Amino acid sequence: MTANNGKWLILVAFPAAIGFFALLVGRLWLPPGEVLGALLGRGDVPDLSRTLVLGVRLPRVLAAACVGAGLSAAGAAFQGMFRNPLVEPRILGASSGAALGAAAGLLAGWSAVALQASAFALGLAAVLGAWMLSRGFGSSILVLVIAGIVVASAFDALLGILKYVADPTDALPAITYWLLGGLGTVRWGQLWPLLGTTALGTAFLVASRWRLNVLSLDELEAESLGLPVRRWRMAVIAAGTLLTAAAVAAAGVIGWIGLLVPHAARALVGPDHGRLLPASLALGAGLMILLDTVARTALPAEIPLGILTGLVGIPAFCFLFLRSLEARGGWR
Amino acid sequence: MILQASEVWFAYRAGNPVLRGVDVDIQGGELLFLLGANGSGKSTLLRCLTGLLAPDKGHITLDGLGLRSLPSRLRAQRLALVPQTHAPVFTYSARDMVLMGRSPHLKKLAGPTRGDREIAAWALRAVGLEELADRPYTALSGGEQRLALIARGLAQGAQVLLMDEPDANLDPAHQHNVLLLAAQLADGGLALGVTSHNPNNALAYGDRAGLLSRGSLVCGGPHEVLGTNDLEQAYGVPFVSLSGTNGQRAVIPATELESTTT
């Protein structure tokens with residue numbers, strides 16, 4: 001039991017420690033005392049440090065935490081519900097929709113908040129489209145996945161049209177750069193909707209933890225245990241889509257996190273969603289803050305976040321995959 | 001508790017009914033075997049009896065209440081399905097699998113309570129799996145998995161347990177373990193409906209048996225409805241009756257007594 005508590009302590013301390021560290025580093029290194037002082041609102045902190053910590057770095061750290069936690073929770077929930085550990089939260093088209101919405105906003109020259117709203121709205125619309133499409137064919141899990149692929153491809157094609165007509169001197173690079181992902185432009189104005197949506201979505205998924213265990217069984221079995229499977233599936237998709245669309249709208253297309261983090265969490269705490277979801281939240285938030293800190297500090301110019309998650313995610317996933325194949329027949 | 005089906009018709013495709021007016025009842029304290037050839041409609045009947053499929057005609061009642069009109073939570077508190085074993089994708093422990101039986105008792109958006117955990121532990125003891133509780137369910141043997149699923153049905157608090165071929169793919173000793181447990185649970189007052197491919201299991205453990213043939217079900221004492229002629233009609237091969245020294249009867253397909261090499 002104490003070993004278990006220790007594990008949870010580390011899991012909770014992980015994102016908090018990385019988050020605090022991330023506030024220290026940047027082009028200008030700040031001493032821990034000044035950062036703490038700025039966070040606590042003490043008067044003896046230099047104005048520059050206060051602005052850097054509260055105005056620039058803190059919103060960015062919180063945004064990274066939301067994106068990482070949201071994508072990881074959505075990934076864990078989708079993997080359970082689809083009974084497939086290879087599912088990513090963007091499987092139903094949320095991220096293709098959000099990309100199209102953002103590209104449209106960039107083309108039209110909208111403000112950052114309007115761009116985020118349009119990306120979020122089209123992310124939701126894409127998944128809604130996939131859901132409606134699947135309903136015409138019996139809405140089984142397989143049909144739903146295929147409908148998601150169809151809708152995502154349609155949105156990708158539309159995105160291609162936007163890129164084709166975009167001005168190659170300014171709009172096209174803006175779209176391309178946005179699609180690679182990053183949190184460089186995040187300020188408090190874009191953070192609030194992201195914080196709110198992430199809190200709502202993750203709270204619902206954590207509350208549904210036990211239902212997710214039952215949903216991850218055979219469909220008839222779940223029904224026989226008294227679970228209205230269709231209704232719960234819709235609710236979990238809605239929550240996961242909110243999280244994914246909000247994350248992509250704020251940070252661009254971030255791959256791998258939603259696939260990788262639930263795997264790592266499963267290896268640490270097992271498949272029970274009561275433990276898996278909190279562990280995924282903590283790991284996802286910590287990992288994303290870490291990657292975003294690397295993205296903004298490793299090179300003089302910012303490294304796109306989507307590139308970093310891919311570079312880190314692929315070898316990490318291979319490692320976890322081989323390890324779980326070795327350990328047993330099943331997925332941990 | 002009594003589960004009663006009357007005049008149940010069911011068709012997956014219109015004009016091609018799988019069940020043609022089936023009457024059956026399962027009462028507390030009794031173990032009923034449902035037998036029939038592959039494709040005879042055993043699984044379909046079991047799904048109808050579980051409330052997962054709606055009959056086209058006829059009705060199924062649980063203690064006089066319409067099964068399909070019962071909210072799914074209330075239905076699951078009274079009636080449990082013990083499915084054929086399968087490998088779940090994720091490696092839940094046997095304890096967690098059994099604990100999932102408490103689902104219909106949980107409050108909205110809540111997890112299992114200490115009381116639920118105690119009930120799951122009791123159910124694991126009742127089937128003799130307490131030692132293996134923390135092993136991954138996927139690492140259990142076929143027979144142990146079946147026992148764990150029965151424990152889940154007990155944890156559900158169900159008075160009616162419907163089992164889908166609990167003796168399939170098990171060696172004789174494990175079939176005996178599982179079916180003996182089923183018979184004991186029936187003696188303890190539960191109502192058990194069990195589908196099976198093996199008429200001898202019905203003869204040895206069943207209080208009653210139903211033989212499905214071409215969508216119709218004949219129910220009665222195992223020895224009455226599982227005569228060699230009835231079995232030949234249902235399965236399409238001749239059967240021979242054998243008797244043990246204690247007078248216990250068993251049947252065997254005549255093909256198995258004929259030498260095919262000469």
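We name chains A, B, ... by the order of the sequence lines, and we start the count at 1 in each one. For clarity, every value in this text was computed on a predicted model and none was experimentally measured.
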ask   = Where does the angle between the aromatic ring planes of B:Phe90 and A:His273 fall among parallel (under 30°), tilted (30 to 60°) and perpendicular (over 60°)?
value =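 Geometry flag for A:His273 against B:Phe90: perpendicular rings.
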Any residue meeting side chain to side chain donor-acceptor pair (under 3.5 Å) with B:Arg78, in chain and number order, not counting sequence neighbours =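 Per chain and number, B:Arg78 pairs via side chain to side chain donor-acceptor pair (under 3.5 Å) with no residue.
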ask   = Given A:Gln79 and B:Val89, is the side-chain contact (heavy atoms from CB on, under 4.5 Å) satisfied, shown in steps?
value = CA-CA 10 Å; A:Gln79 286 177 7; B:Val89 178; over 6 Å; no
query = What part of A:Arg209 gets closer than 4.5 Å to chain B, counting heavy atoms only: side chain, backbone, both or neither?
reply =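 The side chain, not the backbone.
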Straight-line distance of [X] [atom1] to [Y] [atom2], nearest 0.5 Å:
X        : Y        : atom1 : atom2 : result
B:Thr50  : A:Leu220 : OG1   : CG    : 9.0 Å
A:Trp210 : B:Met100 : CH2   : CE    : 5.5 Å
A:Asp272 : B:Asp96  : CG    : CG    : 5.0 Å

query = Counting only heavy atoms not in B:Asp63, do more than 12 sit closer than 6.0 Å to its CG atom?
reply =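 Yes, because the 6.0 Å sphere around CG of B:Asp63 holds more than 12 heavy atoms from other groups.
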inquiry  = Is it the case that atom CZ in A:Arg83 sees more than 12 heavy atoms from other parts of the structure closer than 6.0 Å?
reply    =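 Check passes, neighbour count above 12.
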query = Looking at A:Asp218, A:Leu225, A:Leu227, which one has more heavy-atom pairs under 4.5 Å with chain B than the rest?
reply =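 Of the options given, most contacts go to A:Leu225.
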request  = Find the one option among B:Leu99, B:Leu81, B:Leu162 whose heavy-atom pairs under 4.5 Å with chain A are most numerous.
outcome  =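 Going by pairs under 4.5 Å, I would pick B:Leu99.
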query = If you look at every heavy atom in B:Arg75 and A:Glu223, which pair is closest and at what distance?
reply =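 Taking B:Arg75 first and A:Glu223 second, the nearest heavy atoms are NH2-O, 2.8 Å.
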ask   = What is the minimum heavy-atom distance between B:Ala76 and A:Ser224, and which atoms define it?
value =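 For B:Ala76 and A:Ser224, the tightest heavy-atom pair comes out as CB-O, 3.5 Å.
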Using a 4.5 Å heavy-atom cutoff, which residues in [range] come close to chain A?
range                       : result
residues 147-157 of chain B : B:Leu149, B:Arg152, B:Gln156
residues 110-123 of chain B : B:Ala110, B:Gly111, B:Pro112
residues 29-47 of chain B   : B:Arg47

key: Test item: A:Arg211 and B:Leu109 side chains (from C-beta on) under 4.5 Å apart, heavy atoms   =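 SC-SC contact between A:Arg211 and B:Leu109 ruled out.
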